[in-house]
Amino acid sequence: YKTCERTLTRRAREAQMKRFCKAQAIQRRLEEIEVTFRELEQQGIKLEKLLRDENGSPAEQQAQWTNQLLYLVQKKNSLMTEESDLMITVQELKLEEQQGQLDEKLRSYMNREDTLKTPEDRKAEQEILAQLLKVVDERNLLIHIQEEKRLSEL
């Protein structure tokens, strides 16, 4: 029994570290996206000024600027989609963490002998179970949203 408990604790710590590392990587990528957004915005502003102040620029040059502007818009949209996906993943990580904590609390209540449980313990156990079900439903909703996004992109 103690070995099983230690194994569960170790696995929980490993999962927590894995989520932490993943969250750090996501945070770095979100910062990179923010910097890229600013760079694209500046490039877009320059291209718009060039297009507005065309003053006898050859049609070929204007077409090139327009194509560059459209490329920037496409790239920005792509980054916005990636950012949205990352934000969903962040939510999912938070819910995973919350679920792990609730699992641990619920397990501690369920491992107690029924004869030793007070009415408050039983109530707390039911509340934790309800919270756990809510978290699972929220995670399910996030997965459903991701699947809908994936299907709409196809």
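When a residue number appears, it is its place in the shown sequence, counting from 1.
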Drop me the distance from R6's CZ to L8's CG, to the nearest 0.5 angstrom. 11.5 Å
Identify, with sequence neighbours excluded, every residue that meets side chain to side chain donor-acceptor pair (under 3.5 Å) alongside E147. R150
Backbone N/O of M80 and side chain of S84: donor-acceptor pair under 3.5 Å: no
Test L141 against D137 for side chain to side chain contact (heavy atoms under 4.5 Å, CB included), laying out the working first. CA-CA 6 Å; L141 179 63; D137 286 341; over 6 Å; no
For T115, enumerate each residue passing the side chain to side chain contact (heavy atoms under 4.5 Å, CB included) test, keeping only those at least two apart in sequence or located in another chain. E113
N/O donor-acceptor pair under 3.5 Å between N140 side chain and V136 backbone: no
Sequence neighbours left out, what passes salt bridge (charged side-chain N to carboxylate O under 4.0 Å, His left out) with R38? Give chain and number order. none
Donor-acceptor contacts under 3.5 Å from residues 121-134 side chains, at least two apart:
| from | atom 1 | to | atom 2 | distance (Å) |
| --- | --- | --- | --- | --- |
| D121 | OD1 | R112 | NH1 | 3.2 |
| D121 | OD2 | R112 | NH1 | 3.1 |
| D121 | OD2 | T118 | N | 3.2 |
| D121 | OD2 | T118 | OG1 | 3.3 |
| R122 | NH2 | D114 | O | 3.0 |
| E125 | OE1 | K117 | NZ | 2.9 |

Non-neighbouring partners of E60 that pass side chain to side chain contact (heavy atoms under 4.5 Å, CB included), sequence neighbours left out: none
E48 meets the salt bridge (charged side-chain N to carboxylate O under 4.0 Å, His left out) criterion, sequence neighbours left out, with R52
Closest heavy-atom pair and its distance - Q62, L51: O-CD2, 3.7 Å
Can you name the side chain to side chain contact (heavy atoms under 4.5 Å, CB included) partners of T36, sequence neighbours left out? L40, L79
If you round to the nearest 0.5 Å, how far is OG1 of T81 from CG of L86? 11.0 Å
Would you be so kind as to tabulate the donor-acceptor pairs closer than 3.5 Å made by side chains of residues 90-97, with sequence neighbours excluded?
| from | atom 1 | to | atom 2 | distance (Å) |
| --- | --- | --- | --- | --- |
| E97 | OE1 | R19 | NE | 3.1 |
| E97 | OE1 | R19 | NH2 | 2.8 |
| E97 | OE2 | Q16 | NE2 | 3.3 |
| E97 | OE2 | Q101 | NE2 | 3.3 |

L47 and W65 have their tightest heavy-atom pair at CD2-CD1, 3.9 Å
When clusters are formed by joining ILVMFWY residues with side-chain heavy atoms under 4.5 Å apart, either directly or through shared neighbours, do V135 and M110 land in the same one? yes
Determine whether a donor-acceptor pair (N or O, by modelled atom type, separation under 3.5 Å) exists between the side chain of S78 and the backbone of Q74. no
Any chain of hydrophobic side-chain contacts (each under 4.5 Å) joining F37 to M87? yes
Side chain to side chain contact (heavy atoms under 4.5 Å, CB included) filter on E104, not counting sequence neighbours, yields none
Roughly how far, to the nearest 0.5 Å, is CD1 of I45 from CG of L50? 12.0 Å
Apply side chain to side chain donor-acceptor pair (under 3.5 Å) to R10 and list each qualifying residue two or more places apart in sequence or on a separate chain. E14
Spacing of E5 atom CD and N111 atom CG [to the nearest 0.5 Å]: 7.0 Å
For the hydrophobic clusters of this structure (ILVMFWY residues joined by side-chain heavy atoms under 4.5 Å, transitively), does one cluster hold both I33 and L72? yes
Going by salt bridge (Lys or Arg N to Asp or Glu O under 4.0 Å), name the pairs with one or both residues in residues 67-88, residues two or more places apart or in two chains. R29-E82, E41-K76, D85-K149
